[in-house]
Peer 1: 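Have a look at this one.
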Amino acid sequence: MVSDVRGKVDQLLCDTDGTLCILTSAGLECLKAQVQHPASHEQYLGHNSQQTFWVVAMPASTLRGNYQWLGLRAQLGQVDATLFSLAGRALQICQWYFDHAYCGRCGQPTKTDQVDSARVCLACQLRFYPRISPCMIVLVVRDQELLLAHHVRASRPVYTTLAGFVEAGERVEDTVHREVYEEVGVRLGQLEYITSQSWPFPGQLMLGFIAEYASGDIQIDGEEILDANWFRYDQLPQVPPKATVAGQLIDLYVQRCLVKQLPGKK
């Protein structure tokens with residue numbers, strides 16, 4: 001269940017301990033009876049071999065009892081990757097529904113397509129799909145050193161990898177080279193694709209790389225990056241948790257460096 005505040009959807013139903021609530025049909029009906037307010041929207045999310053999942057949007061002001069509304073970031077590292085992905089999808093699907101109640105071309109009402117996950121304009125047939133923005137995220141490495149940066153948007157003193165949005169007409173590999181040069185002024189050599197992660201803040205798909213340093217001295221852009229430096233793998237500052245793709249890239253390279261230190265390894 002998610003909160004609906006004038007069409008903005010960014011909160012999840014949690015218990016008083018902050019644990020994400022996954023309600024059964026009976027539990028949902030019980031909660032609806034308690035708040036005495038109809039759901040503003042219900043949307044199918046998907047299913048597995050045992051369960052079918054729906055997201056229900058309700059006005060945040062109606063919540064009572066042993067519940068609270070919390071943002072998705074509160075669940076990062078607290079729930080497993082599958083549940084985190086499901087919660088993120090719930091928020092994205094509901095926000096897409098509210099954002100495209102009317103056509104952006106002609107202003108007429110839209111309806112939910114019966115086949116695809118799309119909203120369709122009743123007048124001009126323009127289709128709107130849930131928006132996903134592809135991004136690259138890259139760990140730049142030089143032998144036993146990792147290039148990490150402190151970002152302007154960071155709320156904590158964390159040093160992390162570099163990232164950026166893929167622009168129209170651009171290959172993701174080109175994005176890696178462009179963003180790294182723009183943000184810290186260094187050139188890259190070989191790229192190695194590692195993994196991806198849905199990052200629903202609000203709707204990114206992060207494509208994770210490890211990149212070899214080629215040339216150049218660090219020169220921060222001063223706009224997105226406050227500080228950047230090379231850190232030896234065993235002398236790292238505070239870095240993101242392993243629940244994030246940035247944390248996974250850093251941990252993977254640290255493990256590779258540790259293996260190289262074993263006798264007989266090169």
Peer 1: Quick one: does D17's side chain have a donor or acceptor within less than 3.5 Å of a partner on T19's backbone?
Peer 2: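 Looks like no, no N/O pair under 3.5 Å.
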Peer 1: In sequence, state the C-alpha distance, the side-chain angles, and the governing distance for W69 and L12, and then conclude on side chain to side chain contact (heavy atoms under 4.5 Å, CB included).
Peer 2: CA-CA 5 Å; W69 296 114; L12 297 158; 5.6 Å; no
Peer 1: Give a yes or no on whether the backbone of E145 and the side-chain of D143 come within a donor-acceptor separation of less than 3.5 Å.
Peer 2: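 Not at all, since once roles are kept as given, no pair shorter than 3.5 Å links the two residues.
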Peer 1: What distance do L162 atom CG and E179 atom CD have between them, rounded to the nearest 0.5 Å?
Peer 2: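 It is 8.5 Å, given to the nearest 0.5 Å.
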Peer 1: Can a salt bridge be assigned to the pair R256 and E192 using a cut-off of 4.0 Å between side-chain N and carboxylate O?
Peer 2: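 A salt bridge links R256 with E192.
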Peer 1: Can you tell me if H47 uses its side chain to pair, donor with acceptor, with the backbone of F53 under 3.5 Å?
Peer 2: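 No, the answer is negative, given that no donor and acceptor are paired below the 3.5 Å cut-off.
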Peer 1: Check the surroundings of atom CD in Q125: do more than 12 heavy atoms from other residues, nucleotides or ligands lie under 6.0 Å from it?
Peer 2: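 It does: Q125 CD has more than 12 such atoms within range.
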Peer 1: Using atom types as modelled and distance alone, determine if a side-chain donor or acceptor of T244 lies under 3.5 Å from a backbone N or O of P241.
Peer 2: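 Yes, because the side chain of T244 sits within donor-acceptor range (under 3.5 Å) of the backbone of P241.
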Peer 1: Is the count of non-hydrogen atoms from other residues, nucleotides or ligands lying under 6.0 Å from Q190 atom CD greater than 12?
Peer 2: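 No, the 6.0 Å shell around CD holds no more than 12 heavy atoms from other groups.
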Peer 1: Tell me if a side-chain donor or acceptor on T110 pairs with a main-chain N or O of A101 at a distance below 3.5 Å.
Peer 2: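 Yes: the side chain of T110 pairs with the backbone of A101.
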Peer 1: Please check if the number of heavy atoms outside L122 that lie under 6.0 Å from its CG is greater than 12.
Peer 2: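 Atom CG in L122 is packed in, count exceeds 12.
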Peer 1: Is any side-chain heavy atom of V180 closer than 4.5 Å to a side-chain heavy atom of V186?
Peer 2: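 Result yes, sub-4.5 Å side-chain heavy-atom pair found.
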Peer 1: Find out if a path of hydrophobic residues (ILVMFWY) with successive side-chain heavy-atom gaps under 4.5 Å connects V138 to M206.
Peer 2: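 Hydrophobic grouping puts V138 apart from M206.
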Peer 1: Shortest non-hydrogen contact from Q108 to C121?
Peer 2: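 Nearest heavy atoms, Q108 then C121: CB-SG, 4.1 Å.
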Peer 1: Could you tell me whether the side chain of D221 and the main chain of I225 form a donor-acceptor pair under 3.5 Å?
Peer 2: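 Such a contact is found between D221 side chain and I225 backbone.
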Peer 1: Measure across C14 and Q75 and return the closest heavy-atom pair with its distance rounded to 0.1 Å.
Peer 2: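 Smallest interatomic distance, heavy atoms only, reads SG-NE2, 3.4 Å.
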Peer 1: Compare all side-chain heavy atoms of L126 with those of V120 and state whether any distance is below 4.5 angstrom.
Peer 2: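 No. Closest side-chain heavy atoms not under 4.5 Å.
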Peer 1: How long is the gap from CD on Q95 to CD on Q43, to the nearest 0.5 Å?
Peer 2: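 Rounded to the nearest 0.5 Å, the CD-CD separation comes to 12.5 Å.
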Peer 1: Going by atom types alone, do Y159 and N229 pair a side-chain donor with an acceptor below 3.5 Å?
Peer 2: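 N229 and Y159 do not have a side-chain donor-acceptor pair below 3.5 Å.
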Peer 1: For the OH atom on Y102, are there more than 12 heavy atoms of other groups (residues, nucleotides or ligands in this structure) within a distance under 6.0 Å?
Peer 2: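 Not more than 12 within 6.0 Å, no.
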Peer 1: Parallel, tilted or perpendicular: which fits the ring planes of W199 and F84, with parallel below 30° and perpendicular above 60°?
Peer 2: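 W199 vs F84 ring planes: tilted.
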Peer 1: Assess whether atom OH of Y181 is packed by more than 12 heavy atoms of other residues, nucleotides or ligands within 6.0 Å.
Peer 2: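 No.
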Peer 1: Between D113 and R119, does any side-chain N to carboxylate O distance fall below 4.0 Å?
Peer 2: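 Not counted as a salt bridge, because no side-chain N and carboxylate O are separated by less than 4.0 Å.
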Peer 1: I need the minimum non-hydrogen distance between A163 and E183, along with the two atoms involved.
Peer 2: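 Here A163 and E183 meet closest at O-OE2, 3.2 Å.
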Peer 1: Between V140 and L146, is any pair of side-chain heavy atoms under 4.5 Å apart?
Peer 2: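 Answer no - side chains too far apart.
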Peer 1: Would you confirm whether E212, through its side chain, and G189, through its main-chain N or O, come within 3.5 Å as a donor-acceptor pair?
Peer 2: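 A pair under 3.5 Å: no.
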Peer 1: For residues F209 and L249, report the shortest heavy-atom separation together with the two atoms involved.
Peer 2: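 Shortest heavy-atom separation between F209 and L249 comes out as O-CD1, 3.6 Å.
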Peer 1: Between Q68 and Q11, is the side chain to side chain contact (heavy atoms under 4.5 Å, CB included) condition met? List the steps.
Peer 2: CA-CA 9 Å; Q68 61 178 321; Q11 303 284 300; over 6 Å; no
Peer 1: Would you say that D15 contacts C21 through its side chain, given a criterion of any heavy-atom pair below 4.5 Å between the two side chains?
Peer 2: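 Yes, close enough: below the 4.5 Å cut-off.
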Peer 1: Is there a path of hydrophobic side-chain contacts, each under 4.5 Å between heavy atoms of I, L, V, M, F, W or Y residues, that connects F201 with I132?
Peer 2: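 Cluster IDs for F201 and I132 differ.
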Peer 1: Does a donor on one side chain sit under 3.5 Å from an acceptor on the other, for Q204 and S133?
Peer 2: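 Note: Q204 and S133 side chains miss the donor-acceptor criterion.
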Peer 1: Check the hydrophobic clustering (I, L, V, M, F, W, Y; side-chain heavy atoms under 4.5 Å; chains of links allowed) and say if I93 and F98 are grouped together.
Peer 2: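 Cluster IDs for I93 and F98 match.
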Peer 1: Taking the side chain as everything from C-beta on, heavy atoms only, tell me whether T160 gets closer than 4.5 Å to H151.
Peer 2: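 Of all side-chain heavy-atom pairs linking H151 with T160, at least one is under 4.5 Å.
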Peer 1: Tell me whether the rings of F128 and H100 are parallel (<30°), tilted (30 to 60°) or perpendicular (>60°).
Peer 2: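 Rings of F128 and H100: parallel, under 30°.
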Peer 1: Between CD of Q92 and OG of S198, what distance do you get to the nearest 0.5 Å?
Peer 2: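 One finds 5.0 Å between CD of Q92 and OG of S198.
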Peer 1: Might you work through the side chain to side chain contact (heavy atoms under 4.5 Å, CB included) test for L139 and Y253, ending with a clear yes or no?
Peer 2: CA-CA 9 Å; L139 174 63; Y253 198 74; 3.7 Å; yes
Peer 1: Side chains of C135 and V166: does their closest heavy-atom pair fall under 4.5 Å?
Peer 2: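 Contact flag for C135/V166 side chains = no.
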Peer 1: Answer yes if L45 and L83 sit in the same cluster of Ile, Leu, Val, Met, Phe, Trp and Tyr residues linked by side chain heavy atoms under 4.5 Å apart, and no otherwise.
Peer 2: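 In one cluster with L45: L83, yes.
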Peer 1: Could you measure the distance from the CG atom of L70 to the CG atom of L20? Nearest 0.5 Å is fine.
Peer 2: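 It is 9.5 Å, given to the nearest 0.5 Å.
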Peer 1: Looking at R131 and D99, does any basic side-chain N land under 4.0 Å from a carboxylate oxygen?
Peer 2: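 D99 and R131: not salt-bridged.
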Peer 1: May I ask you to decide if V245's main-chain N or O and Q197's side chain share a donor-acceptor pair within less than 3.5 Å?
Peer 2: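 Answer holds: yes.
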Peer 1: Is the terminal nitrogen or CZ of R142 (NZ for Lys, CZ for Arg) located under 6.0 angstrom from the six-membered ring centre of Y213 and within 45° of that ring's axis?
Peer 2: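 Pair R142/Y213 counts as cation-pi.
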Peer 1: Out of curiosity, does V79 fall in the hydrophobic cluster containing I22 (side-chain heavy atoms, cut-off under 4.5 Å, transitive links)?
Peer 2: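 Yes, it is one cluster - the side chains of I22 and V79 are joined through contacts under 4.5 Å.
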Peer 1: Are L148 and L236 close enough that some pair of their side-chain heavy atoms sits under 4.5 Å apart?
Peer 2: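 Touching, per the 4.5 Å side-chain cut-off.
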Peer 1: Calculate, to the nearest 0.5 Å, the distance between atoms NE2 and CE belonging to H177 and M136 respectively.
Peer 2: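 So the NE2 of H177 and the CE of M136 are separated by 10.0 Å.
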Peer 1: Please report the C-alpha distance between V55 and Y44 in whole Å, then the side-chain angles of each, then the deciding distance to 0.1 Å, and finally whether the side chain to side chain contact (heavy atoms under 4.5 Å, CB included) criterion is met.
Peer 2: CA-CA 6 Å; V55 57; Y44 173 73; over 6 Å; no
Peer 1: How many angstroms lie between CG in D174 and CG in L191, if you round to the nearest 0.5 Å?
Peer 2: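 Taking CG in D174 and CG in L191, the distance rounds to 9.5 Å.
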Peer 1: Quick one: are E224 and R153 in side-chain contact, heavy atoms under 4.5 Å?
Peer 2: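 Answer yes - side chains close enough.
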Peer 1: What is the minimum heavy-atom distance between C103 and C124, and which atoms define it?
Peer 2: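 Smallest heavy-atom distance, with atoms named: SG-SG, 3.8 Å.
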Peer 1: May I ask you to check whether over 12 heavy atoms, not counting those of D217, lie within 6.0 Å of atom CG?
Peer 2: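 12 or below, so no.
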Peer 1: Between V254 and Y233, which heavy-atom pair has the shortest distance, and what is it?
Peer 2: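 Shortest heavy-atom separation between V254 and Y233 comes out as CG2-O, 3.9 Å.
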